[in-house]
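Each remark here refers to the structure printed beneath this line.
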Amino acid sequence: MPGIDDCLIEAMTITGALGASLVDWTSGLALGAAGAGPGGDHDAGAADATEVARAITQTSSFADPAARTAPAEDVIVTSAGTYHLIRFVETAFDSSVFLYLRLDRATANLAMARLRLATIADGLVLA
(Lines give C-alpha, C1' and ligand atoms only; values in the text may rest on other atoms or scores of the structure.)
Protein backbone atom coordinates (compact mmCIF):
# COMPACT_ATOMS: atom_id res chain seq x y z
CA MET A 1 0.00 0.00 0.00
CA PRO A 2 1.29 3.48 -0.78
CA GLY A 3 2.62 5.88 1.83
CA ILE A 4 2.70 9.67 1.76
CA ASP A 5 5.72 9.90 -0.52
CA ASP A 6 4.30 7.35 -2.96
CA CYS A 7 0.98 9.22 -3.11
CA LEU A 8 2.73 12.53 -3.76
CA ILE A 9 4.88 10.98 -6.46
CA GLU A 10 1.72 9.58 -8.05
CA ALA A 11 0.07 13.01 -7.84
CA MET A 12 3.01 14.43 -9.78
CA THR A 13 2.18 12.07 -12.67
CA ILE A 14 -1.12 13.91 -13.20
CA THR A 15 -0.88 15.85 -16.45
CA GLY A 16 0.06 19.46 -15.76
CA ALA A 17 1.12 18.86 -12.13
CA LEU A 18 3.54 21.49 -10.86
CA GLY A 19 3.63 20.53 -7.21
CA ALA A 20 1.79 18.45 -4.62
CA SER A 21 1.73 18.35 -0.86
CA LEU A 22 -0.09 16.71 2.01
CA VAL A 23 -1.08 19.42 4.46
CA ASP A 24 -2.33 19.37 8.05
CA TRP A 25 -4.93 22.13 8.02
CA THR A 26 -4.97 22.55 11.80
CA SER A 27 -1.31 23.57 11.86
CA GLY A 28 -0.82 24.66 8.24
CA LEU A 29 2.27 22.47 7.89
CA ALA A 30 3.19 20.42 4.84
CA LEU A 31 3.61 16.81 5.98
CA GLY A 32 5.17 15.88 2.66
CA ALA A 33 5.81 17.57 -0.68
CA ALA A 34 6.82 16.80 -4.25
CA GLY A 35 7.54 18.98 -7.26
CA ALA A 36 7.77 22.76 -6.98
CA GLY A 37 6.00 24.77 -4.31
CA PRO A 38 4.30 28.07 -5.11
CA GLY A 39 7.10 30.59 -5.47
CA GLY A 40 9.52 27.74 -4.68
CA ASP A 41 8.21 27.34 -1.12
CA HIS A 42 5.97 24.38 -0.21
CA ASP A 43 5.61 25.61 3.37
CA ALA A 44 4.24 29.00 2.31
CA GLY A 45 1.92 27.28 -0.18
CA ALA A 46 0.69 24.90 2.54
CA ALA A 47 -0.01 27.80 4.88
CA ASP A 48 -1.91 29.70 2.18
CA ALA A 49 -3.92 26.63 1.15
CA THR A 50 -4.72 26.04 4.82
CA GLU A 51 -6.41 29.43 5.01
CA VAL A 52 -8.68 28.42 2.13
CA ALA A 53 -9.38 25.01 3.71
CA ARG A 54 -10.24 26.59 7.05
CA ALA A 55 -12.62 29.03 5.38
CA ILE A 56 -14.50 26.06 3.92
CA THR A 57 -14.43 23.79 6.97
CA GLN A 58 -15.51 26.52 9.38
CA THR A 59 -18.43 27.73 7.27
CA SER A 60 -21.77 26.04 7.84
CA SER A 61 -22.99 27.06 4.37
CA PHE A 62 -20.87 24.30 2.82
CA ALA A 63 -21.83 21.61 5.33
CA ASP A 64 -24.26 18.81 4.54
CA PRO A 65 -26.21 18.29 7.78
CA ALA A 66 -26.87 14.63 6.87
CA ALA A 67 -23.18 13.87 6.31
CA ARG A 68 -20.66 13.21 9.04
CA THR A 69 -17.76 14.16 6.81
CA ALA A 70 -15.79 17.24 5.83
CA PRO A 71 -18.01 20.05 4.54
CA ALA A 72 -16.46 19.74 1.08
CA GLU A 73 -14.73 17.10 -1.00
CA ASP A 74 -12.67 19.48 -3.10
CA VAL A 75 -11.88 23.14 -3.39
CA ILE A 76 -10.77 24.55 -6.74
CA VAL A 77 -9.13 27.94 -7.07
CA THR A 78 -8.18 29.26 -10.47
CA SER A 79 -5.63 31.94 -11.21
CA ALA A 80 -4.22 33.30 -14.45
CA GLY A 81 -1.85 30.39 -15.12
CA THR A 82 -2.56 27.88 -12.39
CA TYR A 83 -5.27 25.66 -10.97
CA HIS A 84 -5.09 24.96 -7.23
CA LEU A 85 -6.89 21.81 -6.16
CA ILE A 86 -7.48 20.92 -2.50
CA ARG A 87 -8.81 17.43 -1.77
CA PHE A 88 -9.85 16.73 1.82
CA VAL A 89 -8.69 13.29 2.96
CA GLU A 90 -11.41 11.49 4.86
CA THR A 91 -10.47 8.84 7.38
CA ALA A 92 -12.21 6.74 10.01
CA PHE A 93 -10.65 8.96 12.67
CA ASP A 94 -10.92 12.74 12.98
CA SER A 95 -8.66 13.68 10.09
CA SER A 96 -7.47 17.18 9.39
CA VAL A 97 -5.35 16.72 6.27
CA PHE A 98 -5.78 17.52 2.62
CA LEU A 99 -3.89 16.96 -0.59
CA TYR A 100 -2.93 20.18 -2.33
CA LEU A 101 -2.14 19.99 -6.04
CA ARG A 102 -0.96 22.87 -8.22
CA LEU A 103 -1.56 22.46 -11.94
CA ASP A 104 -0.38 24.31 -15.01
CA ARG A 105 -3.57 25.72 -16.48
CA ALA A 106 -2.29 25.44 -20.07
CA THR A 107 -1.66 21.69 -19.93
CA ALA A 108 -3.86 20.29 -17.17
CA ASN A 109 -7.29 18.73 -17.46
CA LEU A 110 -8.95 19.91 -14.26
CA ALA A 111 -11.75 17.32 -14.30
CA MET A 112 -9.33 14.41 -14.74
CA ALA A 113 -6.95 15.84 -12.14
CA ARG A 114 -9.81 16.03 -9.65
CA LEU A 115 -10.76 12.40 -10.25
CA ARG A 116 -7.16 11.18 -10.05
CA LEU A 117 -6.53 13.13 -6.86
CA ALA A 118 -9.64 11.58 -5.29
CA THR A 119 -8.30 8.11 -6.11
CA ILE A 120 -4.90 9.01 -4.67
CA ALA A 121 -6.53 10.32 -1.47
CA ASP A 122 -8.47 7.06 -1.13
CA GLY A 123 -5.22 5.11 -1.54
CA LEU A 124 -3.56 7.23 1.11
CA VAL A 125 -6.28 6.37 3.62
CA LEU A 126 -5.78 2.66 2.98
CA ALA A 127 -2.03 2.95 3.57
Side-chain angles (χ1 to χ4, degrees):
M1 285 191 244
I4 293 172
D5 290 336
D6 294 329
C7 288
L8 293 173
I9 290 168
E10 186 177 347
M12 290 303 299
T13 67
I14 296 172
T15 302
L18 299 171
S21 55
L22 180 69
V23 179
D24 176 352
W25 57 264
T26 56
S27 67
L29 296 175
L31 304 175
D41 188 353
H42 277 289
D43 292 328
D48 292 342
T50 295
E51 292 302 316
V52 174
R54 285 183 185 155
I56 297 300
T57 59
Q58 296 173 356
T59 303
S60 61
S61 297
F62 296 107
D64 178 356
R68 296 174 24 128
T69 59
E73 290 179 337
D74 303 302
V75 177
I76 299 168
V77 177
T78 61
S79 61
T82 312
Y83 293 126
H84 303 265
L85 180 55
I86 294 172
R87 175 70 184 195
F88 292 96
V89 178
E90 295 198 25
T91 62
F93 57 92
D94 188 20
S95 175
S96 60
V97 297
F98 62 83
L99 284 166
Y100 170 48
L101 179 64
R102 290 180 44 255
L103 299 157
D104 179 345
R105 192 169 175 155
T107 59
N109 178 326
L110 185 55
M112 289 305 297
R114 181 182 172 271
L115 294 173
R116 292 255 337 261
L117 198 60
T119 300
I120 293 167
D122 290 344
L124 182 61
V125 171
L126 296 175

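Position 1 is the first residue of the sequence; numbering continues from there.
The nearest pair of heavy atoms linking Ala108 to Leu103 is CB-CB, 3.7 Å. Taking each heavy atom of Gly123 and Cys7 in turn, the nearest pair found is C-SG, 4.5 Å. Residue Gly28 comes nearest to Thr50 through the heavy atom pair CA-OG1, 3.2 Å, listed as atom of the first residue, atom of the second, then distance. Here the closest non-hydrogen pair linking Val23 and Ala46 is CG2-CB, 3.7 Å.
Within the 4.5 Å cutoff, no side-chain heavy atoms of Thr82 are placed close to those of Val77. Side chains of Asp43 and Leu29 form no contact here, defined as non-hydrogen atoms less than 4.5 Å apart. Side-chain contact between Leu22 and Leu124 is present, with heavy atoms from C-beta onward closer than 4.5 Å.
Interatomic distance, CG of Leu117 versus CD of Glu73, reported as 11.5 Å (0.5 Å rounding). To the nearest 0.5 Å, atom CD1 of residue Ile4 and atom CG of residue Leu31 are 6.0 Å apart. The distance from the CZ atom of Arg114 to the CG atom of Leu85 is 8.0 Å, given to the nearest 0.5 Å. Distance check, rounded to the nearest 0.5 Å: CZ of Phe98 to CG of Asp74 gives 12.0 Å. The CD1 atom of Ile14 sits 12.0 Å away from the OG1 atom of Thr107 when rounded to the nearest 0.5 Å. Here the straight-line distance linking atom CG of Leu8 with atom CG of Leu99 works out to 6.5 Å at 0.5 Å rounding.
If you check the side chains of Thr15 and Arg116, you find no donor sitting under 3.5 Å from an acceptor.
Ring pair His84/Tyr100 is parallel by interplanar angle, where below 30° counts as parallel and above 60° as perpendicular.
Each of Ile120 and Ile9 belongs to its own hydrophobic cluster when Ile, Leu, Val, Met, Phe, Trp and Tyr are linked at side-chain heavy-atom distances under 4.5 angstrom.
Of the residues Leu101, Ile56, Val75, the one that meets the side-chain contact (heavy atoms from CB on, under 4.5 Å) test with Ile86 is Val75.
Put simply, the side chain of Arg54 gets close to the backbone of Thr26: a donor and an acceptor are under 3.5 Å apart. Thr119 places a side-chain N or O within 3.5 Å of a backbone atom of Leu115 that can act as its donor or acceptor partner. For the pair His42 (side chain) and Gly35 (backbone), a donor-acceptor distance under 3.5 Å is present.
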